[in-house]
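To start, the structure under review is shown below, and the notes come after it.
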Number of protein chains: 2
Amino acid sequence: MSATIRDVARLAGVSKATASRALSGSGAVSPGTSERVVAAAAEIGYVRSPNAASLVTGRTMSIGVLTPHHDRWFSGAVIEGAERVLLSHDYDMTLYTTRPDTADRERIFTFFLPRSRFDGVLAVATEPSPDEVARLAGLGIPLVAVGGEMPGVAAYGLDDRAIAETATRHLIGLGHTRIAHLGGLLREPYEFSVHRHRREGYLTALAAAGLQGNARLSATEMTIPSGFQAATALLSAPDRPSAIFAASDELAIGAIIAARRLDIAIPGQLSVIGIDGHSQAEMFGLSTVEQYPREQGSDAAHALLGMIGGDRAPAPGYRVARTRLVLRASTGFAPLGDA
Amino acid sequence: MSATIRDVARLAGVSKATASRALSGSGAVSPGTSERVVAAAAEIGYVRSPNAASLVTGRTMSIGVLTPHHDRWFSGAVIEGAERVLLSHDYDMTLYTTRPDTADRERIFTFFLPRSRFDGVLAVATEPSPDEVARLAGLGIPLVAVGGEMPGVAAYGLDDRAIAETATRHLIGLGHTRIAHLGGLLREPYEFSVHRHRREGYLTALAAAGLQGNARLSATEMTIPSGFQAATALLSAPDRPSAIFAASDELAIGAIIAARRLDIAIPGQLSVIGIDGHSQAEMFGLSTVEQYPREQGSDAAHALLGMIGGDRAPAPGYRVARTRLVLRASTGFAPLGDA
DNA sequence: CTGAAAGCGCTAACAT
DNA sequence: ATGTTAGCGCTTTCAG
């Protein structure tokens with residue numbers, strides 16, 4: 001089919017070995033020879049087959065990427081950030097959707113990942129069971145997680161407890177006392193720590209202000225429509241909250257839409273704050289704790305590449321990514337009295 | 001590192017060839033032997049290396065997927081639909097983000113795709129230049145497009161002109177005369193036909209009703225915030241339209257949010273209709289022409305697999321995917337007189 | 001600095 | 001039905 005290194009060698013009048021050396025820039029090749037080889041390769045449009053090369057080098061030049069949903073704002077941005085870095089190092093990404101409790105997910109861990117196709121694995125917002133963690137480890141290749149802790153694994157994510165506290169405290173500082181928390185689902189028995197930590201931060205802040213008795217928790221899928229539904233329920237109750245701390249901007253945006261539908265003025269009658277810095281946050285005037293998933297993705301990719309390259313493996317651990325509190329109209333004013 | 005077919009053969013007491021045959025189910029192997037081989041493989045957790053196999057079979061068991069943005073509703077759904085089918089056939093997907101006019105995009109076509117890693121390519125909502133089309137063809141592997149036509153290529157998509165006409169006609173039937181079109185960007189000189197066709201359908205419907213003089217066109221990125229901005233401009237003008245036909249639900253949703261912000265009642269003072277059946281369409285009460293990208297993705301994957309399998313290559317051509325007009329609150333009422 | 005030879009893991013003739 | 005041999009495209013000893 002396409003040109004092989006044999007063709008290049010023949011055209012350049014050298015042996016396969018020399019052609020290989022010239023093309024990879026590794027061994028010692030005389031400048032003239034090297035030039036001829038490179039020219040020959042360009043002429044016939046030769047591109048090295050990494051599959052064949054991997055057989056002898058052990059390097060596949062590919063990364064396996066795991067995510068429960070690649071079309072969500074967070075995962076999409078992480079993947080995008082990782083892709084830029086990887087492509088520039090001649091790596092590409094094979095994507096697997098690890099939706100919980102599916103047959104496909106099972107096969108991804110037992111069949112696709114062990115096919116020896118990858119030099120590393122990037123887990124994005126994935127909540128692996130202990131069994132899955134063991135399988136991942138059994139692969140014997142570097143693993144980096146983004147979007148939450150993973151036991152014994154290098155991970156990039158937020159200090160979720162702290163930022164949840166910050167966000168909740170901001171609401172408290174505005175004078176709110178009836179603050180509800182719109183959180184993510186806590187999948188038992190194995191779950192990514194993110195949702196739990198954000199809820200804990202919320203509770204801590206409440207307790208610090210002597211408001212623990214007012215805690216009001218709602219948990220749902222991390223999507224705008226789910227947030228809309230959950231918030232509608234929350235806001236339809238007679239003793240509705242005057243503020244909502246949402247665990248993600250998607251949930252917060254759903255809450256804003258719900259409030260409008262119910263004719264509840266923001267921020268007059270309801271303050272809302274989220275976490276993320278979603279692409280729609282500004283449009284909705286949403287106050288939020290911004291994070292930068294594209295950056296997290298590229299950091300993770302660099303880490304992975306480093307580990308593959310044999311750099312002293314960065315001690316597995318949790319790297320806290322930067323965030324920034326951004327205040328907008330959704331928390332623009334103190335609530336109107338106690339109504 | 002991991003177990004090879006040699007290990008399996010040794011453990012089962014057969015030759016590599018027999019082990020290979022037993023595992024692949026191709027050649028003739030006695031039931032007893034086959035069983036022993038399979039058991040041995042299971043015992044040591046053997047998984048065939050497709051990279052090594054591809055060297056001799058020519059099959060890589062992988063598909064290259066091209067999309068300008070994998071995190072948008074449409075692409076996300078297409079990819080999801082394709083993934084399910086592919087995984088069930090032992091295929092996985094390597095994803096490349098082909099954002100127009102980037103260096104990465106160039107390298108994807110010139111370096112990554114020709115690495116002989118794929119048995120086929122799936123192009124999702126991709127607008128390839130003639131040069132890129134040529135490179136794709138030069139790969140010598142099956143190619144299927146989803147989300148628009150591609151010259152000389154098997155493609156799955158909508159009858160964009162027809163559904164745009166349908167949507168516009170629905171607005172006209174409601175009594176509207178000042179109908180604006182919120183469309184996608186027309187990238188010159190090469191573009192996917194989608195946006196142009198939808199605009200043409202809109203113009204055709206207008207003309208059929210003698211309304212061609214009232215055409216009002218606005219083109220922008222296919223995102224909610226872009227739709228919000230464009231609609232805000234459209235609706236702030238003194239002679240604002242009484243109806244909007246948006247080329248996508250994302251744009252339509254942006255328009256709905258803009259209208260609320262401007263205190264323009266829907267559907268009292270403004271009717272809105274979109275195209276897609278976006279996951280947020282119902283929440284926003286958006287009338288739309290639903291399409292089913294997950295289905296399109298799985299159809300495309302089946303087609304690809306068929307072409308790879310050597311089925312009589314389905315004549316390259318355009319396959320029209322099903323749609324359904326879904327009416328909701330956003331076009332619930334006729335406009336209030338002519339105001 | 002360069003070439004010849006071996007071999008990565010696997011399958012496809014070709015024998016038997 | 002099974003084993004032997006060759007070889008896919010590539011890199012890496014090992015000689016020279």
Side-chain angles (χ1 to χ4, degrees), chain A residues 1-38 40-41 44-62 90 111 114-119 140-141, chain B residues 1-38 40-41 44-62 90 111 114-119 139-141 310:
Chain A
M1 195 74 256
S2 45
T4 81
I5 200 170
R6 257 187 101 105
D7 304 322
V8 175
R10 199 141 38 191
L11 184 57
V14 297
S15 71
K16 285 191 321 177
T18 300
S20 173
R21 283 187 279 250
L23 260 10
S24 71
S26 61
V29 185
S30 83
T33 311
S34 179
E35 210 172 306
R36 268 189 2 262
V37 171
V38 171
I44 61 179
Y46 168 79
V47 181
R48 171 209 275 100
S49 157
N51 280 11
S54 77
L55 227 44
V56 30
T57 61
R59 288 261 186 291
T60 63
M61 307 307 284
S62 192
D90 292 2
F111 175 71
R115 297 208 285 185
S116 325
R117 261 199 211 254
F118 309 119
D119 293 342
I141 55 177
Chain B
M1 197 70 255
S2 46
T4 81
I5 200 169
R6 259 187 100 104
D7 304 322
V8 176
R10 199 143 35 195
L11 184 56
V14 297
S15 70
K16 286 192 321 179
T18 301
S20 173
R21 283 187 281 251
L23 259 10
S24 71
S26 62
V29 184
S30 84
T33 312
S34 180
E35 211 172 307
R36 272 193 354 264
V37 171
V38 171
I44 60 179
Y46 167 78
V47 181
R48 170 210 277 98
S49 157
N51 279 11
S54 77
L55 227 45
V56 33
T57 62
R59 288 264 186 291
T60 62
M61 306 308 285
S62 193
D90 293 1
F111 175 71
R115 297 207 286 184
S116 324
R117 256 197 213 257
F118 309 118
D119 293 342
L139 256 27
I141 55 177

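As the structure is a computational prediction, the values presented were derived from the model and not from experiment. Every chain is numbered from 1 and lettered A, B, ... according to where its sequence line falls, protein lines coming before strand lines.
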Nucleotide [N], atom [atom2] - distance to [atom1] of [X] in whole Å:
X: B:Arg115; N: D:dC10; atom1: CZ; atom2: P; value: 13 Å
X: A:Arg117; N: C:dG9; atom1: CZ; atom2: P; value: 16 Å
X: A:Tyr46; N: D:dG9; atom1: OH; atom2: P; value: 10 Å
X: B:Ile5; N: D:dG3; atom1: CD1; atom2: P; value: 12 Å
X: A:Arg6; N: D:dT11; atom1: CZ; atom2: C1'; value: 15 Å
X: A:Leu23; N: C:dT2; atom1: CG; atom2: P; value: 14 Å

With a 3.5 Å distance limit and no angle check, can you tell me whether A:Thr60 reaches the backbone of A:Asp119 through a side-chain donor-acceptor pair?
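It does hold such a pair.
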B:Ala28 vs A:Ala19, nearer the 5' end of DNA chain D by closest nucleotide
B:Ala28
Nearest-nucleotide check on DNA chain C, B:Val47 vs B:Arg21; residue mapping nearer the 5' end is B:Val47
Can you pull out the residues from residues 49-61 of chain A that lie within a 4.0 Å heavy-atom distance of DNA chain C?
A:Leu55, A:Val56
Going by number, which of residues 9-17 of chain A have a non-hydrogen atom under 4.0 Å from DNA chain C?
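Heavy-atom contacts with DNA chain C come from A:Val14, A:Ser15, A:Ala17.
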Using a cut-off of less than 4.0 Å, is there contact between a side-chain N or O of [X] and OP1 or OP2 of [N]?
X: A:Arg48; N: D:dT11; value: yes
X: A:Thr4; N: D:dG9; value: no
X: A:Ser30; N: C:dT2; value: yes
X: B:Thr18; N: D:dT2; value: no

How would you label the contact of B:Thr33 with the nucleic acid (heavy atoms, under 4.0 Å): base, sugar-phosphate, or nothing?
sugar-phosphate
What heavy-atom pair brings [X] and [Y] nearest, and what distance separates the two atoms?
X: A:Arg115; Y: B:Met61; value: NH2-O, 3.6 Å
X: B:Ser54; Y: B:Asn51; value: OG-O, 2.8 Å
X: A:Ala22; Y: A:Ser34; value: CB-CA, 4.0 Å
X: B:Phe118; Y: B:Ile141; value: O-CD1, 3.5 Å
X: A:Ser24; Y: A:Arg48; value: CB-NH2, 3.5 Å

Angle between terminal axes - the helix from C:dC1-D:dG16 to C:dT16-D:dA1, 5 pairs each end, rounded to 10°:
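Inter-axis angle at the ends, rounded: 40°.
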How long is the span from the OG1 atom in A:Thr18 to the CZ atom in A:Arg21, to the nearest 0.5 Å?
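Those atoms lie 4.5 Å apart.
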Gap between atom CZ of B:Arg10 and atom CD1 of B:Ile44 - 0.5 Å precision
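These two atoms lie 9.5 Å from each other.
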Do [X] and [Y] touch side chain to side chain, with heavy atoms closer than 4.5 Å?
X: A:Pro50; Y: B:Arg117; result: yes
X: B:Ser116; Y: A:Ser2; result: yes
X: B:Ile5; Y: B:Ser20; result: yes

Run the numbers on B:Leu23 and B:Tyr46 for side-chain contact (heavy atoms from CB on, under 4.5 Å), then give the verdict.
CA-CA 10 Å; B:Leu23 259 10; B:Tyr46 167 78; 3.8 Å; yes
